[in-house]
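This report refers to the structure that appears directly beneath it.
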Amino acid sequence: MALIQPSLAEPGDCSQAGTTVEIASCVRTALEAKDKALKQAMQAIASEAAAVPSEDFLPLWKDTLTGMFNSSVDPAVQFEQFRAARSQACVFMNSLALQGTGFGIFVTNCEIKLTNVLLEKLGN
């Protein structure tokens with residue numbers, strides 16, 4: 001259990017959780033809250049882009065997202081693409097270093113950290 005606790009300091013306040021099951025539930029709840037905030041931030045960006053008073057901006061924004069980044073202008077699709085990439089990256093990173101009972105907790109903490117980075121980039 002001592003290996004699990006230090007990784008909880010930043011992503012969520014799960015320090016009061018005493019068992020692996022409680023910690024896993026706590027970090028999952030924290031990730032769900034971060035995901036909700038991310039969905040809202042992505043929707044806000046799309047709304048801001050749609051409101052730009054320019055005939056050139058919106059088509060350029062759409063072309064950049066769909067062509068260059070192979071994504072979508074739909075915030076729901078963007079979120080799902082990010083979530084899939086985040087999960088894959090976190091599973092890979094943690095599989096190199098640790099396996100066992102706390103694996104899912106470490107992966108979820110990684111997902112929270114990556115979501116925090118994107119939220120920061122989006123201005124939240």
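Positions are given from 1 along the sequence.
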Does the Ser25 side chain pair with the main chain of Val21, one donor and one acceptor, at a distance under 3.5 Å?
no
Does Leu65 share a hydrophobic cluster with Val52, counting links as ILVMFWY side-chain heavy atoms below 4.5 Å and allowing steps through other members?
yes
With sequence neighbours left out, write down each residue that passes salt bridge (Lys or Arg N to Asp or Glu O under 4.0 Å) with Glu22, or none if nothing qualifies.
none
Is Asp35 paired with Arg28 through a side-chain N to carboxylate O contact shorter than 4.0 Å?
no
Under a side-chain separation threshold of 4.5 Å, the hydrophobic residues clustered together with Met68 are Phe69
Return the minimal non-hydrogen interatomic distance between Gln43 and Pro75, and the atom names on each side.
OE1-CG, 3.4 Å
For Val91 against Phe103, the heavy-atom pair lying closest together:
O-CZ, 3.9 Å
ILVMFWY cluster, Leu58 and Leu60 together (side-chain gap under 4.5 Å):
no
Within a reach of under 6.0 Å around CD of Gln16, are more than 12 heavy atoms found that belong to other residues, nucleotides or ligands?
no
Do Leu31 and Arg86 come close enough that some side-chain heavy atom pair is under 4.5 Å?
yes
Single-linkage hydrophobic cluster Leu122~Phe79, side-chain heavy atoms < 4.5 angstrom:
yes
Do any pairs count as a disulfide (SG to SG under 2.5 Å) and have a residue in residues 45-97, sequence neighbours left out, and if so which ones?
Cys90-Cys110
Ala76 versus Asp74, closest heavy-atom pair with distance
N-OD1, 2.9 Å
Does some side-chain heavy atom of Ile23 sit less than 4.5 Å from a side-chain heavy atom of Thr20?
no
Smallest separation among heavy atoms of Ala46 and Trp61, with atom names
CA-CH2, 3.9 Å
Closest heavy-atom contact between Asn94 and Val107?
ND2-CA, 3.8 Å
Is a side-chain donor or acceptor of Ser87 paired with a backbone partner of Arg83 at a separation under 3.5 angstrom?
no
Looking at Phe57, I'd like to know if its CZ atom is crowded, meaning that more than 12 non-hydrogen atoms belonging to other residues, nucleotides or ligands lie closer than 6.0 Å.
yes
Establish, from distance only, whether the side-chain atoms of Gln81 and Ser71 form a donor-acceptor pair under 3.5 Å.
yes
Closest heavy-atom pair and its distance - Leu119, Ala41:
CD2-CB, 4.0 Å
